[in-house]
Amino acid sequence: MTALLSIRELHCSFDTTRGKVHAVRGVSLEVNAGETLALVGESGCGKTTLARCILGLQRPDSGHILLDGQEMVGLSRRAMRPFRPDVQCVFQDPFSSLNPRKRISALIREPLDVHGVGTPEERKRRVLDLMERVGLRPDWAERFPHEFSGGQRQRIGIARALALNPRLIICDEPVSALDVSVQAQIVNLLYTLQRDLGLSYLFITHDLTLVENFADRVAMMYQGQIVESGPAQEVWRNPQHEFTRTLIDAIPIPDPDVPMGSGRKAFAG
Amino acid sequence: MMRLILRNWTLSLGLALLALILLMALSAPILYPGDPYAMMGPPLQWPGTYPGAPLGTDSLGRDIAAGIFHGARVSLMVGFVSVACALVVGILVGAFAGYYGGWVDDALMRITELFQTIPQFMLAIVIIAIMGPSIQAVIISLGVVSWPTVARLVRSEFLVLRERAFVHSCIVIGMSDLRIIFAQILPNALSSITVMASVLVATAILMESALSFLGFGDPNVITWGTMIGLGRSQLRDAWYIIAIPGLALLVTALALNLVGEGINDAMNPRLRKRKI
Amino acid sequence: MAKDTLLSVEDLHLSVSHMPEARILRGVSFDVTRGKTLAIVGESGCGKSVTSLAVMGLLPEGLTKTAGHIRFDGTDLPVTDNEAMRKIRGDRIGMVFQEPMAALNPVYTIGNQVAEVILEHENISRAEARERVIALMREVGLPDPDHIVDEYPHRLSGGQRQRVVIAMALACNPDLLIADEPTTALDVTVQAQIMRLLKGAQAELGVAIVLITHNLGLVAQVADRVAVMYAGRKVEEAETRRLFSAPLHPYTRGLLAATPRPGRRQEGELPLSEIPGMVPSITEDLRGCRFAPRCPLASDICHRVIPEPRMIGATSVACHNTTETEAPA
């Protein structure tokens with residue numbers, strides 16, 4: 001079986017005002033159909049750059065990105081268009097990821113318009129279906145994004161990502177800007193959608209506890225490289241790399257009986 | 001929309017003044033059907049002293065009021081048309097430079113800078129000298145000197161907006177670049193472009209007057225600048241010949257600046273929030 | 001007021017000045033004991049940050065205190081008297097903000113900025129102040145203190161900047177430190193270091209800490225007491241261990257259940273337990289409990305009558321439906 005998404009020896013660097021940043025240094029990973037791979041790392045580890053490369057927002061220096069065996073590196077934006085429906089994205093910041101001047105219905109319909117899916121009537125129905133699926137009330141269709149809270153905007157973003165029936169969704173810190181109770185709603189929604197639609201997720205996050213029960217496999221990224229990867233439970237219980245151990249230990253566990261700096265005890269439990 | 005305008009007194013005042021000037025321009029052929037250059041009474045009548053010409057007459061007995069009304073047509077037309085041309089060019093150049101970056105940006109911005117390094121007024125005079133003094137030449141010359149400002153503003157807006165996640169989201173769904181540029185990013189930059197455009201119109205109107213004053217305008221149409229130019233020899237004994245078109249210019253420039261400021265206030269999120 | 005109480009906030013009400021129906025705080029009370037840590041937990045919009053700003057006398061323009069008392073060390077805090085508050089701020093109450101870069105001025109060296117705080121409150125020479133600053137830098141764990149005093153903020157990492165801000169807050173040995181989401185902008189590993197630093201400073205200097213956070217993990221690790229806030233009210237307050245082992249308010253329970261923690265989920269269940277619905281807006285005028293629309297236990301009375309805080313065991317809880325039997329012995 002070939003993986004749905006396969007990344008081999010990817011390198012990516014870019015120029016900033018402080019000089020060249022080699023953000024991704026030879027990353028290889030695979031996402032299989034129907035699974036969730038959690039990509040965990042701290043800020044500046046290169047995880048967002050990696051996501052941008054997969055989405056064709058950033059040109060890698062070298063390496064391969066294979067979608068169902070088809071090479072994506074080197075394709076022009078135009079050449080990538082036919083593959084776009086397969087890979088969609090849910091963005092981190094629900095306040096900047098929706099065009100403030102578009103109505104909700106237009107935002108969710110845009111992907112269908114771009115790819116000419118169905119008749120206008122069918123698109124309209126599809127938008128309402130999608131809104132219902134992500135838990136948005138149909139009478140909100142003609143409102144603007146600024147009328148919604150962060151959690152609801154994230155639902156709009158998810159509906160937009162689902163419109164083209166993708167097989168893989170890149171979730172770039174989709175809940176890190178949300179409150180705990182709303183975060184739970186969105187994580188559960190993503191989980192239910194995966195179960196019902198057979199989606200694959202590349203779930204990028206800095207929060208290990210969040211993906212603990214949610215990811216099938218996990219890849220730990222540190223300074224542009226994958227330092228450890230494997231089945232999620234195994235990595236939590238028996239971390240091999242020094243970075244993974246430090247990270248797990250540093251997690252504050254919501255239990256007064258687990259003292260500061262001993263997160264591994266809680267995970268091993 | 002209406003409520004927003006009324007709550008904002010700068011915008012209301014600016015729009016009211018602008019409407020007044022527009023009304024003057026539109027009513028000129030009805031109120032003063034004849035040639036504003038024609039002699040209609042004794043020369044050098046002070047305002048209010050000669051019944052046929054409420055604003056007086058100049059040294060050749062021409063009606064100043066007729067000149068002001070007809071001049072309003074020319075000023076507004078030159079101002080708006082030249083800025084419209086500048087907007088088309090400036091938005092195209094700025095949008096492509098800002099959205100694509102890299103060598104596209106470098107090439108387009110070098111050209112823009114080339115235009116900006118030449119003093120604006122000199123450039124305008126040179127273009128008119130080449131094309132011959134006509135209203136078209138004035139409009140084109142003013143458009144040529146105004147577009148670089150537009151291009152730079154649009155580019156800087158695009159540089160910020162293209163990094164917003166909603167633009168990435170459009171790339172990810174496979175939207176074409178042209179559609180992203182014109183249907184997604186541009187509408188978000190429109191408010192700042194409008195603010196700048198209103199100020200540019202004022203600048204263009206002032207510059208047109210300056211060109212006419214110096215005799216580079218179209219000799220067949222009367223403008224406020226021409227009137228000031230013609231009146232300058234009587235500055236000491238009949239200063240009203242200059243003061244009246246001068247006042248008209250001042251009010252027009254003020255109105256446009258007020259509109260610009262008003263739009264700026266209306267779109268400033270912090271000010272808007274305070275009103276809740 | 002108990003003798004060891006340092007800060008006492010009583011029935012604090014805050015509103016938006018020109019629209020009194022927008023009530024941000026609707027009667028919040030809590031005490032901070034000398035040398036102890038009180039955590040104020042809640043989600044965005046619950047009023048936890050505004051509470052700390054009110055104590056510091058730093059309420060943003062447009063917000064007014066409509067009722068309540070803030071007593072510090074036995075006397076009313078002159079929160080509206082800017083001059084008097086300036087003497088207290090920095091000297092007796094220090095503050096650490098979420099965004100360290102925003103708290104530092106980019107055009108001055110960090111040494112100058114920390115020294116400024118000391119010189120503001122103490123009559124010593126610049127040279128003496130510099131010595132104190134270098135010692136402070138060492139205490140907060142900044143590398144190479146002799147050189148780092150002359151660096152500008154942008155040359156430091158996020159964690160180092162927060163250490164500088166903590167050094168500024170501790171510069172005059174304050175009695176109280178207010179830390180508003182001090183580690184939210186930082187990585188988890190750096191967060192652990194910063195929290196350790198704060199706890200260390202507390203053990204050494206005996207400073208009381210008010211920790212404002214949304215992170216229940218941090219609360220469990222560093223707080224002595226916890227006050228849970230929801231939509232402008234305090235819904236529950238208890239000693240930390242008690243709050244985590246026997247939460248009484250349905251909101252506290254929901255929040256704890258929604259917080260991801262290791263080894264919780266059973267196969268086939270949803271990953272996290274969620275609280276349905278949304279936080280009411282500050283203008284929404286609910287007659288009863290503000291959590292009632294989202295509460296699984298809500299009954300008729302909850303929609304009609306505002307629940308007043310009452311003691312069940314050693315826990316103060318504002319809920320009609322929590323009974324004695326649910327409290328542990």
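Just so we're on the same page: letters track the sequence lines, and every chain starts at 1.
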Nearest heavy-atom neighbours spanning L123(B) and V144(B)
CD2-CG1, 4.0 Å
Any idea which heavy atoms bring P60(A) and L10(A) closest together, and the distance?
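Nearest heavy atoms, P60(A) then L10(A): CB-CD1, 3.7 Å.
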Counting only heavy atoms from other residues, nucleotides and ligands, does the tally under 6.0 Å from NZ of K102(A) exceed 12?
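Counting other residues, nucleotides and ligands, NZ of K102(A) exceeds 12 neighbours.
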Take the angle between the ring planes of F182(B) and F96(B) and call it parallel below 30°, perpendicular above 60°, tilted in between.
perpendicular
Please classify the contact of [X] with chain B as side chain, backbone, both or neither, using a heavy-atom distance under 4.5 Å.
X	value
V87(A)	backbone
R52(A)	side chain
L164(A)	side chain

Using a cut-off of under 4.5 Å on heavy-atom pairs, state which of P100(A), C89(A), G56(A), P82(A) scores highest against chain B.
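Ranked by contacts with chain B, first place is P100(A).
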